[in-house]
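Please read these numbers as outputs of a predicted model, since none were measured by experiment. Chain identifiers are assigned alphabetically (A, B, ...) following the order of the sequence lines, protein sequences preceding nucleic acid strands; residue numbering begins at 1 within each chain.
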Amino acid sequence: MSLTDRLTEGIRAALREAGLPAVDDCAWEIPRQGEHGDYATNVAMTLARPARRPPRQIAEAIVAGFPRMPEVARLEVAGPGFVNVFLSPVWCAESLREVLAAGETWGRGDLLAAQRVRLEFVSANPTGPLVIVNARAAAIGDALARLLRAQGAHVTTEFYVNDAGNQFEALARSFEARVRQAVGEAAALPDSGYPGEYLVELARTYVTDHHLTTPAELAAHLAASGERPTERLGRWAVARIVEGQRRILREYGVEFDVWTSEQHDVRDKQLPELVLDDLAARGLTYERDGALWFRSSEIGDETADDKDRVLRRSSGEVTYFGVDVAYHHAVKFSNADRVIDLLGPDHHGYVGRMRAAMQALGHPLEILIVQLVTLLREGQPVRMSKRRGEFVLMEELLEEVGRDAARFTFLTRRHDSPLEFDLAVATRQSSENPVYYVQYAHARIRSIARQAREQGIAIPAWDAIDLTPLVAPEEQALARRLLHFPDVVRGAARALEPHRVAFWLQELAGVFHPYYKTHRVIQEDRRLMLARYALCAAVGQVIENGLALLGVAAPESM
RNA sequence: GCGCCUGUAGCUCAGUCGGACAGAGCGUCGGACUUCGAAUCCGAAGGUCGCAGGUUCGAUCCCUGCCAGGCGCACCA
């Protein structure tokens, strides 16, 4: 049971004692002002109406009837009726033992125990290299997976490769034109093609790999395969592009459990036809103008769609929407209790119909929109458009800014807030980036351990260390802050907001650095030294745990 | 026209379930290295929380309207 749970029990006991109405839960907040205590609750104010008594009077009764607990030094009534709790300094110092004993598990919880979660993110189209917004989605998605796992969830991460339909056709035809050009043939890009330079390079690789130098050789080569040339070339290009995306993500520290091919795993298995029949049997569709429509506008709550959507075109081809509905129903929800999709901002017009379809099928789909990244270089906007072939690659971001700094930067913003990212500024300031502030605190702590080893100082087991010398305000502040960590992780997991962890780590480092500056660990007073050593070890452990949740390294030295 | 997101310090952004005096980083200005790492620390300046109403003990937060910026509104994906 966590500290706040125990405090809530104390409140409930006090309410019983005073004959006041019971409460299920109790909102504990950490006051900004130190003089308002370590924890505060407004429970007396919320009880004022049902109990028909003034809030301050209720608060007085709570304070009078609160049971004695080793955690709590004293309580007081403040302001309009807050109950402020002051923790016992001795108990706070002792609580470090719990952090040290828990080690890398400190911060984990069971909020989502045994829950099966399917989490899809990035899922960039296989029409070119990954760009900045993909890096943002990857950082957020990966951190979410780690957060949910830390709360006991079984998470399956997925990258969905949209290698079918019109988009694939456009890519395949563009690539075919580039290959033909590469052997000297006069071939024009299709109107809706992709003009980017990368396809030119990829075509060059293709003809080199296959030892093709003339149009005649290319023609013979394509004829020999027996496949439709566009199809063959398109498949080859997609495989190469997806492999490139996977490689960059791996360098970024992001690995997916499942890579799904729309062509092989969905269309070839006839899932759309099966699910569309199922939808029709449930009366959720109708035919009009030769097409099959989904009754989006009639289904679901007020957040649902405002018009009906086509599932199967009059040509007989299933739409992207139809395929997606089928895949979510037949695969994702059949293997998971929760499905979370991270989508790009260009998809938010799509959310309504998808949510309506999932509601109709009884599936609680959760969709997070990762907002746009506006890329700047020296304050000037950089257009990101695959169609114009003018964009900044995720690979360049990793080279210029680095993996840890990039990930941390993305994780210090809410996912639904548009982000401005100035490459030049990020590069110039990289040594002052907040991520290094946090990492540096960790490296300093490890440095203390190295120093102790070099000086031959023996560190006993944590149990054998007396922690009562930790009475300085800075030491108490650090110990109390470490107690918050499990609550922070739980809150971030519940809200699906990893940025809370990133901000909290900066605050922790912001308390540690001044402490380090003014309080020496290694010193003559052995009792004090060991107590401080244990405190620093606990801080280092929590920084490591927090950074691990974000997929950022906790270096031994920098 | 309709829908979604956003509007908080010069810039980039936090602000939990409505709570006490509005927060950080960067930038600016002024200081601190013979002691475990100066990627650090100490101090200062910097605010009409877009605007106007409403709800209530209390609103940056919830509701309504307006203004501004971004994005989306296909038998595309």
Side-chain angles (χ1 to χ4, degrees), chain A residues 25 27 29-33 35-36 40 42 45-46 48 54-55 78-82 84 125 127 162 164-168 170 192 262 288-293 303 305-307 309-315 317 319-324 344-352 369 371-372 374 379 409 412-414 416-422 425-426 429-437 439-441 443-452 454-455 487-488 491-492 494-495 497 499-500 502-503 506-507 509-510 513-523 529 532-533 536 557-558:
Chain A
D25 204 4
E29 66 176 77
I30 294 154
R32 268 196 292 273
Q33 303 278 320
E35 61 258 36
H36 292 142
N42 63 351
M45 273 107 94
T46 61
F82 289 103
N84 294 342
N125 289 324
T127 53
N162 175 219
N166 293 345
Q167 191 162 254
F168 169 76
S192 57
E262 177 176 337
R288 195 182 74 204
D289 304 333
L292 184 69
W293 298 72
T303 65
D305 213 356
D306 60 342
K307 60 176 109 169
R309 304 290 176 173
V310 172
L311 291 163
R312 190 172 57 222
R313 291 189 273 271
S314 50
S315 66
E317 207 183 334
T319 60
Y320 175 85
F321 173 55
V323 173
D324 222 17
D346 52 335
H347 279 70
H348 78 240
Y350 184 69
V351 172
I369 297 288
Q371 280 294 336
L372 207 68
T374 306
T409 299
T412 48
R413 268 80 171 168
R414 301 175 53 89
D416 57 355
S417 139
L419 159 63
E420 282 195 17
F421 198 108
D422 193 316
V425 172
Q429 296 175 349
S430 66
S431 65
E432 291 141 27
N433 191 298
V435 70
Y436 299 110
Y437 186 74
Q439 289 183 320
Y440 187 51
R444 274 180 147 177
I445 289 166
R446 289 312 165 93
S447 175
I448 296 171
R450 279 194 298 275
Q451 274 293 323
E454 282 169 21
Q455 295 182 26
D487 291 333
V488 170
R494 178 162 36 214
E497 292 184 349
H499 75 273
R500 293 189 194 187
F503 275 92
Q506 290 184 69
E507 288 168 12
H513 280 304
Y515 172 68
Y516 177 92
K517 198 75 181 176
T518 50
H519 296 71
R520 282 190 61 80
V521 174
I522 296 173
Q523 57 170 308
M529 172 175 73
R532 285 181 174 174
Y533 189 91
C536 289
S557 63
M558 298 173 65

Using the [atom1] atom in both, what is the distance from [N] to [M], to the nearest Å?
| N | M | atom1 | result |
| --- | --- | --- | --- |
| B/rC66 | B/rG1 | P | 11 Å |
| B/rG54 | B/rU60 | P | 15 Å |
| B/rG18 | B/rA74 | P | 37 Å |
| B/rC61 | B/rU8 | C1' | 12 Å |
| B/rC17 | B/rU64 | C1' | 23 Å |
| B/rA24 | B/rA14 | P | 16 Å |
| B/rC51 | B/rG7 | P | 13 Å |

Under 4.0 Å, heavy atoms only, any strand: does [X] hit a base, just the sugar-phosphate, or nothing?
| X | result |
| --- | --- |
| A/S557 | base |
| A/S447 | base |
| A/H513 | sugar-phosphate |
| A/A495 | nothing |
| A/D487 | nothing |
| A/A441 | nothing |
| A/L419 | sugar-phosphate |
| A/R312 | nothing |
| A/Y440 | base |
| A/P80 | base |
| A/N166 | sugar-phosphate |
| A/S314 | base |
| A/A452 | nothing |
| A/F421 | nothing |

Do [X] and [N] have a side chain to base donor-acceptor pair shorter than 3.5 Å?
| X | N | value |
| --- | --- | --- |
| A/E317 | B/rC76 | no |
| A/N84 | B/rA20 | yes |
| A/D346 | B/rG72 | no |

Does [X] reach the side chain of [Y], with side-chain heavy atoms less than 4.5 Å apart?
| X | Y | value |
| --- | --- | --- |
| A/N162 | A/N125 | yes |
| A/R532 | A/Q523 | yes |
| A/L311 | A/W293 | no |
| A/T319 | A/R313 | yes |
| A/N433 | A/Q439 | no |
| A/I448 | A/Y533 | yes |

Q | B/rU35 OP1/OP2 closer than 4.0 Å to side-chain N/O of A/Y516 | A |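 No, outside the criterion.
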**Prompt:** When you check the phosphate oxygens OP1 and OP2 of B/rC76, does a side-chain N or O of A/R313 lie under 4.0 Å from one of them?
**Reply:**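 It does, given that an N or O in the side chain of A/R313 lies less than 4.0 Å from OP1 or OP2 of B/rC76.
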With no hydrogens and no angle check, do the side chains of A/D324 and A/Y350 hold a donor and an acceptor under 3.5 Å apart?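 The answer is yes; a qualifying pair exists.
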Distance (rounded to the nearest 0.5 Å) between [X] [atom1] and [Y] [atom2]:
| X | Y | atom1 | atom2 | value |
| --- | --- | --- | --- | --- |
| A/E29 | A/N84 | CD | CG | 9.0 Å |
| A/Y515 | A/C536 | OH | SG | 5.5 Å |
| A/S447 | A/M558 | OG | CE | 12.5 Å |

What nucleotide, of [options], holds the atom closest to the side chain of [X]?
| X | options | answer |
| --- | --- | --- |
| A/A78 | B/rA20, B/rU6, B/rC21 | B/rA20 |
| A/N125 | B/rC21, B/rA77, B/rC5 | B/rA77 |
| A/K307 | B/rA77, B/rC73, B/rG19 | B/rC73 |
| A/Y320 | B/rA20, B/rA77, B/rA38 | B/rA77 |
| A/R520 | B/rU35, B/rA38, B/rG37 | B/rU35 |
| A/R309 | B/rU6, B/rA74, B/rA20 | B/rA74 |

[X] [atom1] - [N] [atom2] separation (whole Å):
| X | N | atom1 | atom2 | answer |
| --- | --- | --- | --- | --- |
| A/E420 | B/rG70 | CD | C1' | 10 Å |
| A/R413 | B/rG25 | CZ | P | 14 Å |
| A/F321 | B/rC76 | CZ | P | 14 Å |
| A/R288 | B/rC75 | CZ | P | 9 Å |
| A/I522 | B/rC36 | CD1 | C1' | 5 Å |
| A/M558 | B/rA39 | CE | C1' | 6 Å |
| A/R500 | B/rC13 | CZ | P | 19 Å |
| A/Q506 | B/rC13 | CD | P | 14 Å |

**Request:** May I ask whether A/H347 stacks on the base of B/rG72, given the cut-offs of 5.5 Å between ring centres and 30° between planes?
**Result:** no
Verify the stacking flag for A/F82 against B/rA20: centroid separation must be under 5.5 angstrom and the ring planes must differ by under 30 degrees.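 Given the distance and angle limits, yes, they stack.
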By nearest-nucleotide position on RNA chain B, the 5'-leaning member of A/S417 and A/P31 is A/S417
Residue pair A/R414/A/V310 against RNA chain B: nearer the 5' end by closest nucleotide is A/R414
Inset, instruction - May I ask you to decide if A/A78's main-chain N or O and A/H36's side chain share a donor-acceptor pair within less than 3.5 Å? - result: no
The dot-bracket string of RNA chain B, counting Watson-Crick and G-U wobble pairs with both distances under 3.5 Å, using [ ] for crossing pairs and | for pairs to another strand, is (((((((..((((.....[...)))).(((((.......))))).....(((((..]....))))))))))))....
